[in-house]
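Side chains included, hydrogens not; waters and symmetry mates left out as well; all remaining heavy atoms used. Convention: sequence-line order gives letters A, B, ...; per-chain numbering from 1. Fair warning: this is a prediction, and the values are worked out from it, not measured in the lab.
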Amino acid sequence: MPLKIFNVLGREKTDFIPLEEGHVGMYVCGPTVYDHAHLGHAKTYVSFDLVVRYLRYIGYNVLYVQNITDVGHLTETEFGEDKILKKARATQSKPMQLVETYTRSYFEDMDVLKVTRPDISPRASGHIPEQINMIQTLIEKGYAYEVNGSVYFDVTTAPNYGKLSNRRLDEQAEGTREAVRSEKRNPQDFALWKRADPEHILRWDSPWGEGFPGWHIECSAMAKKYLGDTFDIHGGGIDNIFPHNECEIVQSECCNDAEFARYWMLVGSLNVPDPIEGIPVKMSKSLGNFVTVKDALAKYRPEVIRMFVFSAHYSNPVTYSDEVLAAASAGWERLYNAVRLTRQMMADAPNTDDGNSFDARVNQLKADFCAAMDDDFSAPKAIATLQEFTRDVNTLLNSGTTIGLSTLESIEAVYRELGGDVLGIIPESDIATSNNAQREAGLIELLIELRAQARKAKNWAESDRIRDELQKLGIILEDRPDGTIWKVE
RNA sequence: GGCGACGUAGCCAAGUGGUAAGGCAGAGCUCUGCAAAAGCUCCAUUCACCGGUUCGAAUCCGGUCGUCGCCUCCA
């Protein structure tokens, strides 16, 4: 069954057919790095991580490009201020120093969340010449004009402007605050290049004097450079559909005389209940209602945060709450317990094919899982297939019958592939690798042995004491008919 | 005002014409020295509301109400 994607461009779910068979070019709008990433960013980038992982799983060769926006952008309000410059001033640091700090922070967070790194992470500041080139082309073709050292895109020259967000120029409310000192021909014209005021630190030479690029042009320039004029998938958060994505499209298509991205995938925002009425509102830096990825990771495992992100379809908005995270946590725990049990039973399973009729169930899972993912990357459905499978696995493993190694291996393998490689919610292995961890494991095994002796002698006080003390250290013991297993909390 | 998304059990959430997936929480049971884990059973005659189309609608059409996002920087 072919993969289907809901294309925001046209609002239709259609078969995904890449430009070049077997290859996918994908661009996702990355963060502006003037602060630590919050869970809203995590939702977007974990969502696209799943897209990339699944495309690769089903055999596509994916080239994944995600920019880093490290050039501040002047808001066009009267009191508008460049966020990077503002933050740099507040922290008494150089803008590029600040940007480097938060770029590193971003990658650290994404690494912990098991987000696969993009193949290319181009910085806007490193692509000024490419942006200038595009702007020049747009001027030459008559789509853009220069005024006082700034360059604007004339939206009236592009009939398709608004095709992604279904906006028509005449329906827009006339510019509210931006009309104040407009040197633009039309209120809706957007900046490609801005003249730098004397106090503006981030500045580059250009044919129009010293200045800095507009926000939208960087994505157009970097997508063109690394993916070509036309590529397969463009992603981002729904909050950037207008004006950012719309401007990207119009300037790229006018500059290149070619279609820009063929499939648009936009992720729903992460909301937070407002503290007074409990009404969900978007998590954002400017509202101050954000939870940083670092804070969230202090409370929840990365796999649980991914599980939370996957609990709703990527295009839906999701509301953050401790209750929902707790549910994700409990649900994840059940999945992972089954994986752990499978791995532990593999250690001393007979090398037979006992129980291999279960292989049919494993194949059924693969089919169900892929059917869910082929339907516009429906992670909630995909996880449901894993949960149903897990119930059957638990029944098998607790049935008391002998299960051969090959059956256990195929169960473990399917968890590793679908839960690990694709969803990124099943850790590779918890086999201790470091010397310290091996020593710790040996000590725990020794205590379990001592406890087993106490239990045999019905010395419940002693056996419970060992279990309780270990629990205080974060080691959980579970007694099974065939012995005691342990896990770290 | 314009554009877009959405309203399914206590909570989260699948489900786009054929009679309500899954998870969490809750109740009961089984197993167990106890605990934990796991399994079983129960938990929406009903899908915001009102009309309409249809043999049949949560799903299609029209309307009403409500929520969120975007239209200014934002993932």
Side-chain angles (χ1 to χ4, degrees), chain A residues 8 11 13 28-32 34 37-45 47-48 69 72-77 80-83 162 164-168 170-173 175-178 188 215 235-244 246 266-271 279-287 307-308 311-313 315-319 321 323-335 337-338 340-341 372 375 378-388 390-395 397-400 455 458 460 463-464 467-468 471 476-481 485 487:
Chain A
V8 178
R11 321 261 165 187
K13 201 190 280 186
V28 171
C29 289
T32 303
Y34 68 96
H38 62 238
L39 284 176
H41 299 106
K43 179 178 190 292
T44 297
Y45 300 121
S47 296
F48 284 111
T69 297
H73 299 291
L74 204 68
T75 59
E76 304 222 8
T77 67
E81 201 164 12
D82 181 313
K83 290 192 170 166
L164 184 68
S165 58
N166 287 327
R167 270 162 228 258
R168 287 172 42 189
D170 53 352
E171 283 171 348
Q172 295 305 304
T176 47
R177 285 173 285 188
E178 63 196 278
Q188 297 91 349
W215 172 38
I238 185 76
D239 50 350
N240 277 336
I241 189 171
F242 191 91
H244 180 65
E246 205 68 79
L266 300 177
V267 173
S269 300
L270 180 67
N271 296 328
I279 297 166
V281 292
K282 197 179 78 170
M283 180 179 285
S284 73
K285 282 174 190 168
S286 40
L287 290 176
M307 190 89 171
F308 162 67
S311 70
H313 189 257
S315 61
N316 287 354
V318 167
T319 302
S321 70
E323 191 185 3
V324 174
L325 263 293
S329 186
W332 176 79
E333 200 75 39
R334 186 167 145 265
L335 283 184
N337 280 343
R340 254 196 294 229
L341 180 57
D375 184 12
S378 185
K381 267 194 282 183
I383 284 182
T385 69
L386 265 184
Q387 280 163 328
E388 286 172 276
T390 295
R391 189 182 54 230
D392 293 341
V393 169
N394 279 323
T395 299
L397 299 188
N398 292 307
S399 64
R455 290 183 72 209
K458 297 197 191 303
W460 309 128
S463 70
D464 289 352
R467 187 173 60 197
D468 293 347
Q471 181 160 23
I476 310 292
L477 300 191
E478 288 173 22
D479 295 325
R480 295 177 50 79
I485 61 176
K487 64 180 177 184

Participant: Suppose you measure atom P in rA9(B) against the same atom in rA20(B); what distance do you get, rounded to whole Å?
Facilitator: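 One P to the other, the span is 16 Å.
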
Participant: Test of understanding: with side chain to side chain donor-acceptor pair (under 3.5 Å), list the residues that count as partners of Thr385(A), not counting sequence neighbours.
Facilitator: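 Scan of Thr385(A) (side chain to side chain donor-acceptor pair (under 3.5 Å), adjacent residues dropped) gives none.
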
Participant: If every non-hydrogen atom of Ile476(A) is compared with every non-hydrogen atom of Gln471(A), which pair is closest and at what distance?
Facilitator: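 Here Ile476(A) and Gln471(A) meet closest at CD1-NE2, 3.9 Å.
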
Participant: Rounded to the Å, how far apart are Arg480(A) CZ and rA35(B) C1'?
Facilitator: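 After rounding, the gap between these two atoms is 15 Å.
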
Participant: Who does rA14(B) pair with, Watson-Crick or G-U, both distances under 3.5 Å?
Facilitator: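 Base-paired to nothing in any strand shown.
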
Participant: Distance between the P atoms of rA25(B) and rA38(B), in whole angstroms?
Facilitator: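 Looking at atom P only, rA25(B) and rA38(B) are 10 Å apart.
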
Participant: I need the CD-C1' distance between Glu478(A) and rA38(B), as an integer number of Å.
Facilitator: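 After rounding, the reported distance stands at 9 Å.
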
Participant: Would you mind pulling out the nucleotide paired to rC65(B), Watson-Crick or G-U wobble, both distances under 3.5 Å?
Facilitator: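 Paired with rC65(B), as far as the under-3.5 Å criterion goes, is rG7(B).
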
Participant: Using the C1' atoms only, state how far rU46(B) lies from rA21(B), rounded to an integer number of Å.
Facilitator: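 To the nearest whole Å, 16 Å.
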
Participant: Provide the Watson-Crick or G-U wobble partner of rG28(B), both distances under 3.5 Å; none if there is no partner.
Facilitator: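 WC or wobble partner is rC40(B).
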
Participant: Measure CD/Gln471(A) against P/rA36(B) and give the value in whole Å, please.
Facilitator: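 Taking atom P of rA36(B) as the reference, CD of Gln471(A) is at 10 Å.
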
Participant: What residues, two or more places apart in sequence or in another chain, satisfy side chain to side chain donor-acceptor pair (under 3.5 Å) together with Asn398(A)?
Facilitator: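 Side chain to side chain donor-acceptor pair (under 3.5 Å) list for Asn398(A), sorted by chain: Arg480(A).
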
Participant: P atom, rC49(B) versus rG10(B): distance in rounded Å?
Facilitator: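 Straight-line distance between the two P atoms is 14 Å.
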
Participant: Check this one for me: any side-chain N or O of Asn394(A) less than 4.0 Å away from OP1 or OP2 of rG39(B)?
Facilitator: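 For rG39(B), OP1 or OP2 has a side-chain N or O of Asn394(A) closer than 4.0 Å.
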
Participant: Going by the rule side chain to side chain donor-acceptor pair (under 3.5 Å), which residues pair with Thr395(A) if we only count those two or more places apart in sequence or in a different chain?
Facilitator: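 So Thr395(A) forms no side chain to side chain donor-acceptor pair (under 3.5 Å) with any residue.
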
Participant: Under 4.0 Å: is that the gap between some side-chain N or O of Thr32(A) and OP1 or OP2 of rA75(B)?
Facilitator: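 Looking at the OP1 and OP2 atoms of rA75(B), one of them is under 4.0 Å from a side-chain N or O of Thr32(A).
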
Participant: Both distances below 3.5 Å, Watson-Crick or wobble geometry, any strand: find the nucleotide opposite rC47(B).
Facilitator: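 rC47(B) is paired with nothing.
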
Participant: Could you tell me how far rU59(B) sits from rC40(B) if I compare only their C1' atoms? Round to whole Å.
Facilitator: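 Between the two C1' atoms, the distance is 33 Å.
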
Participant: May I ask you to say what Gly40(A) touches in the nucleic acid, namely base, sugar-phosphate or nothing, with a heavy-atom cut-off under 4.0 Å?
Facilitator: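 Base, at least one base atom sits under 4.0 Å.
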
Participant: If you compare all heavy atoms of Leu270(A) against all heavy atoms of Gly40(A), which two are closest, and at what distance to 0.1 Å?
Facilitator: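 Between these two residues, the closest heavy atoms are CD2-N, 3.5 Å.
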
Participant: Which value, in whole Å, describes the distance between the P atoms of nucleotides rU32(B) and rG15(B)?
Facilitator: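 About 42 Å, rounded to a whole number of Å.
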
Participant: Would you say the side-chain atoms of Thr390(A) pair up with the backbone N or O of Leu386(A), donor to acceptor, closer than 3.5 Å?
Facilitator: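 Yes, Thr390(A) side chain to Leu386(A) backbone: donor-acceptor pair under 3.5 Å.
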
Participant: If you define the side chain from C-beta out and look only at heavy atoms, does anything of Arg391(A) sit under 4.5 Å from Arg334(A)?
Facilitator: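 Arg391(A) vs Arg334(A): side chains touch.
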
Participant: What interatomic distance, in whole Å, is found between C1' of rU53(B) and the corresponding atom of rG23(B)?
Facilitator: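 Looking at atom C1' only, rG23(B) and rU53(B) are 36 Å apart.
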
Participant: Could you tell me the separation between the CZ atom of Phe242(A) and the P atom of rC71(B), rounded to a whole number of Å?
Facilitator: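 Rounded to the whole Å, the gap is 8 Å.
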
Participant: Mapping Ala328(A) and Asn398(A) to their closest nucleotides on RNA chain B, which lands nearer the 5' end?
Facilitator: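 That would be Ala328(A).
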
Participant: Given atom CD1 of Ile241(A) and atom C1' of rG2(B), what is their separation to the nearest angstrom?
Facilitator: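 Checked: the CD1 to C1' distance equals 14 Å.
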
Participant: Output the single nucleotide from rC73(B), rG33(B), rA25(B) whose closest atom is nearest the side chain of Arg467(A).
Facilitator: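 My answer, after comparing the listed nucleotides, is rG33(B).
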
Participant: When every nucleotide of nucleotides 7-22 of chain B is labelled 5' to 3' by its protein contacts under 4.0 Å (heavy atoms), B for base, S for sugar-phosphate only, - for none, what sequence of letters results?
Facilitator: ----SSSSS-----BS

Participant: How far does the P atom of rA14(B) sit from the matching atom of rA48(B), given to the nearest Å?
Facilitator: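 Nearest-Å result for rA14(B) against rA48(B) at atom P: 14 Å.
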
Participant: Taking CG from Leu270(A) and C1' from rC6(B), how many angstroms apart are they, rounded to a whole number?
Facilitator: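 About 16 Å, once rounded to whole Å.
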
Participant: To the nearest Å, give me how far apart CZ (Arg455(A)) and P (rU32(B)) are.
Facilitator: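 For the pair Arg455(A) CZ and rU32(B) P, the rounded distance is 12 Å.
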
Participant: With a 3.5 Å limit on both atom pairs, tell me what rU53(B) is paired to, counting Watson-Crick and G-U wobble, or say none.
Facilitator: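 Partner of rU53(B): none.
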
Participant: Report yes if at least one side-chain N or O of Asn166(A) is closer than 4.0 Å to OP1 or OP2 of rG4(B); otherwise report no.
Facilitator: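 True: Asn166(A) side-chain N/O within range (under 4.0 Å) of rG4(B) OP1/OP2.
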
Participant: Across all strands shown, which nucleotide pairs with rG1(B) by Watson-Crick or G-U wobble geometry, both distances under 3.5 Å?
Facilitator: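 rG1(B) is paired with rC71(B).
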
Participant: Could you list the residues that satisfy side chain to side chain donor-acceptor pair (under 3.5 Å) with Asn337(A), not counting sequence neighbours?
Facilitator: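 Asn337(A) satisfies side chain to side chain donor-acceptor pair (under 3.5 Å) with Arg340(A), Lys487(A) once adjacent residues are dropped.
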
Participant: Spell out, as yes or no, whether a donor-acceptor pair under 3.5 Å connects the side chain of Lys43(A) to the backbone of Ser269(A).
Facilitator: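 No, because the side chain of Lys43(A) does not come within donor-acceptor range (under 3.5 Å) of the backbone of Ser269(A).
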
Participant: Check the geometry between Tyr45(A) and rA75(B) and answer yes if their rings are stacked (centres below 5.5 Å, planes below 30°), otherwise no.
Facilitator: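 Not stacked by the 5.5 Å and 30° rule.
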
Participant: Looking at Asp464(A) and rG33(B), is any side-chain donor or acceptor paired with a base atom of the opposite kind under 3.5 Å?
Facilitator: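 Side chain to base: pair present.
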
Participant: Tell me: NZ of Lys282(A) to P of rG69(B), nearest whole Å?
Facilitator: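 Distance check: Lys282(A) NZ to rG69(B) P gives 8 Å.
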
Participant: Can you list everything that forms a salt bridge (charged side-chain N to carboxylate O under 4.0 Å, His left out) with Asp468(A)? Sequence neighbours excluded, please.
Facilitator: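 Asp468(A) satisfies salt bridge (charged side-chain N to carboxylate O under 4.0 Å, His left out) with no residue once adjacent residues are dropped.
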
Participant: Give one of base, sugar-phosphate or nothing for Gly162(A), where a contact means two heavy atoms less than 4.0 Å apart.
Facilitator: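 Since no nucleic acid heavy atom lies under 4.0 Å of Gly162(A), the category is nothing.
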
Participant: For Val281(A) and Gly268(A), take the nucleotide of RNA chain B holding the closest heavy atom to each; which residue's nucleotide lies nearer the 5' end?
Facilitator: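 Going by which nucleotide is closer to the 5' end, it is Val281(A).
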
Participant: NA contact type, Ser165(A), heavy-atom cut-off 4.0 Å: base, sugar-phosphate, or nothing?
Facilitator: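 Sugar-phosphate contact only.
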
